[in-house]
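To start, the structure under review is shown below, and the notes come after it.
Counting begins at 1 with the first residue of the sequence.
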Amino acid sequence: MTEQKRWLRIGCAFDYRAEIETPTVFQVQPSGGGDVRVAGEQWSMQPDVPMRHYRDLYGNPCTRVVLPIGRSSLQYQAFAEVLDVADDVAEDAAEVPPDMLPDDVLLYTLPSRYCLPDMLGDEAWSRFGSARPGYSRVRQICAHVHGHLSFRYGSSTAMSTAADVNASGFGVCRDFTHLAISFCRALNIPARYVFGYLPDMDTDPDPAPMDFAAWMEVWLAGRWWTFDPRNNEPRKGRVPIGRGRDAADVAMATTFGGPHLEAMRVIAEECDRPA
């Protein structure tokens, strides 16, 4: 039977004010591939400045621009076709011993800028060491993080690590993800950071303004599986933008200077099939 598909309108806009010309790298374009098909992409920059697109060492699409002096605005919009199914679940997916991991997966067992399995290792083993290995143990980690952290805008900063938010008990979706990744890696379970667009499909709408979302992928039984410690339930309509060790690898905007971000808008909503 052919799987049903649905269409989304996705996109974002950034309004900046810069005192000097500021080189900037944006990561807002879906990575493509997998079960997501992107169509009708449109870029615009006011005032008009050159853009250059490339892929980073993780294969994520990036866009380079130089923000001009004064006000500027970058906008991206597209349509995305997604499967009408929630994240895969497999309670019998087993952990893979470190000596059997693929070479390119080993990286995701190590500490990184925000994910600190070395600092959180004792807690990880005391809380989850006796849990059934595999998918159910990762699910237990997500449930703990979901219950331990309270979602609060402004409770963390660009400097906050997984250890910081674990101690404070507050964070945003990237912090939930960093903490769950740290616990997984401490148990030798490869886990990587993902961020992208996540609409409210077949779930209660969030009254807060739409924003980018962060979740994680965990290597079990020879493949990556999606887990979401922030929402702690399978969701539909994920459109990944970037994957990496943590949020430092996939920042939505990296500025080589100090422009002021005056406004940011994100769109991720279901729509009719585009003409």
Side-chain angles (χ1 to χ4, degrees), residues 6-19 22-32 36 38-53 60-82 151-158 171-177 193-201 203-215 228 230-231 235-243 247-248 250-272 274:
R6 294 158 75 173
W7 282 93
L8 306 174
R9 179 182 294 106
I10 57 173
C12 57
F14 297 84
D15 297 333
Y16 280 101
R17 178 184 289 276
E19 298 297 326
T22 308
T24 304
V25 179
F26 288 99
Q27 292 191 33
V28 298
Q29 181 181 10
S31 56
V36 178
V38 180
E41 290 185 302
Q42 295 183 7
W43 293 87
S44 66
M45 185 79 189
Q46 298 295 331
D48 188 23
V49 298
M51 297 183 188
R52 182 164 70 83
H53 306 285
N60 303 315
C62 304
T63 299
R64 297 180 67 171
V65 303
V66 177
L67 300 180
I69 296 172
R71 287 185 172 175
S72 59
S73 178
L74 178 137
Q75 297 184 24
Y76 170 82
Q77 61 181 357
F79 296 99
E81 186 184 48
V82 298
F151 189 90
R152 180 182 296 177
Y153 284 112
S155 61
S156 60
T157 70
V172 293
C173 59
R174 60 173 255 165
D175 302 309
F176 283 70
T177 303
Y193 183 94
V194 189
F195 100 105
Y197 300 98
L198 180 60
D200 294 324
M201 286 181 61
T203 189
D204 293 334
D206 188 337
M210 180 59 68
D211 201 348
F212 293 108
W215 59 92
D228 186 344
R230 164 67 176 99
N231 294 294
R235 291 282 295 268
K236 294 181 178 180
R238 297 185 194 274
V239 181
I241 294 172
R243 295 176 172 89
V250 285
M252 57 190 177
T254 301
T255 60
F256 295 85
H260 174 63
L261 178 61
E262 294 185 330
M264 181 185 79
R265 299 171 295 282
V266 178
I267 298 172
E269 60 188 14
E270 190 166 8
C271 67
D272 294 332

Closest contact, heavy atoms only, [X] versus [Y]:
X	Y	answer
Val66	Val49	O-CG2, 4.0 Å
Pro199	Gly237	CD-O, 3.1 Å
Ala80	Val239	CB-CG2, 4.1 Å
Val28	Tyr197	O-OH, 2.7 Å
Leu67	Met45	CD2-CE, 3.5 Å
Gly171	Ser156	CA-OG, 4.4 Å

Assess the residue pair Val172 and Asp211 against the criterion (side chain to side chain contact (heavy atoms under 4.5 Å, CB included)); give the C-alpha distance rounded to whole Å, side-chain angles, the decisive distance to 0.1 Å, and a yes or no.
CA-CA 11 Å; Val172 293; Asp211 201 348; over 6 Å; no
Nearest 0.5 Å please: distance from the [atom1] atom of [X] over to the [atom2] atom of [Y].
X	Y	atom1	atom2	value
Arg238	Asp228	CZ	CG	4.0 Å
Phe14	Gln75	CZ	CD	11.0 Å
Asp175	Ser155	CG	OG	6.0 Å
Arg17	Leu261	CZ	CG	12.5 Å
Met210	Asp200	CE	CG	4.5 Å
Phe195	Phe212	CZ	CZ	5.5 Å

Tell me whether [X] contacts the main-chain N or O of [Y] through its side chain, where contact means a donor paired with an acceptor under 3.5 Å.
X	Y	result
Tyr76	Ile10	no
Arg71	Pro47	no
Thr24	Thr22	yes

side-chain hydrogen bond (donor to acceptor under 3.5 Å, both in side chains) with Tyr16: which residues, sequence neighbours excluded?
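Checked Tyr16 against side-chain hydrogen bond (donor to acceptor under 3.5 Å, both in side chains); zero matches.
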I'd like to check the salt bridge (Lys or Arg N to Asp or Glu O under 4.0 Å) partners of [X]; sequence neighbours left out, ordered by chain and number.
X	answer
Arg6	Asp84, Asp202, Glu270
Arg174	none
Asp206	none

Side chain to side chain contact (heavy atoms under 4.5 Å, CB included), that's the test. Do Gln29 and Trp43 meet it? Break it down for me.
CA-CA 10 Å; Gln29 181 181 10; Trp43 293 87; 3.7 Å; yes
Do Asp272 and Trp7 have side chains that approach each other closer than 4.5 Å (heavy atoms only, starting at C-beta)?
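Contact flag for Asp272/Trp7 side chains = no.
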Can you find a heavy atom in the side chain of Gln27 that is under 4.5 Å from one in the side chain of Met252?
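Of all side-chain heavy-atom pairs linking Met252 with Gln27, none is under 4.5 Å.
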Kindly indicate, with the supporting measurements, whether the criterion side chain to side chain contact (heavy atoms under 4.5 Å, CB included) is fulfilled by Arg235 and Thr203.
CA-CA 8 Å; Arg235 291 282 295 268; Thr203 189; 3.8 Å; yes
List for me each residue that meets side-chain contact (heavy atoms from CB on, under 4.5 Å) alongside Ile267, sequence neighbours excluded, and say none if there are none.
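Partners of Ile267 under the side-chain contact (heavy atoms from CB on, under 4.5 Å) test: Arg9, Glu269.
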For Ala263, enumerate each residue passing the side-chain contact (heavy atoms from CB on, under 4.5 Å) test, keeping only those at least two apart in sequence or located in another chain.
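Residues passing side-chain contact (heavy atoms from CB on, under 4.5 Å) with Ala263: Asp15, Arg265.
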Taking atom CD as the centre, does Glu41 end up with more than 12 heavy-atom neighbours from other residues, nucleotides or ligands that are less than 6.0 angstrom away?
yes
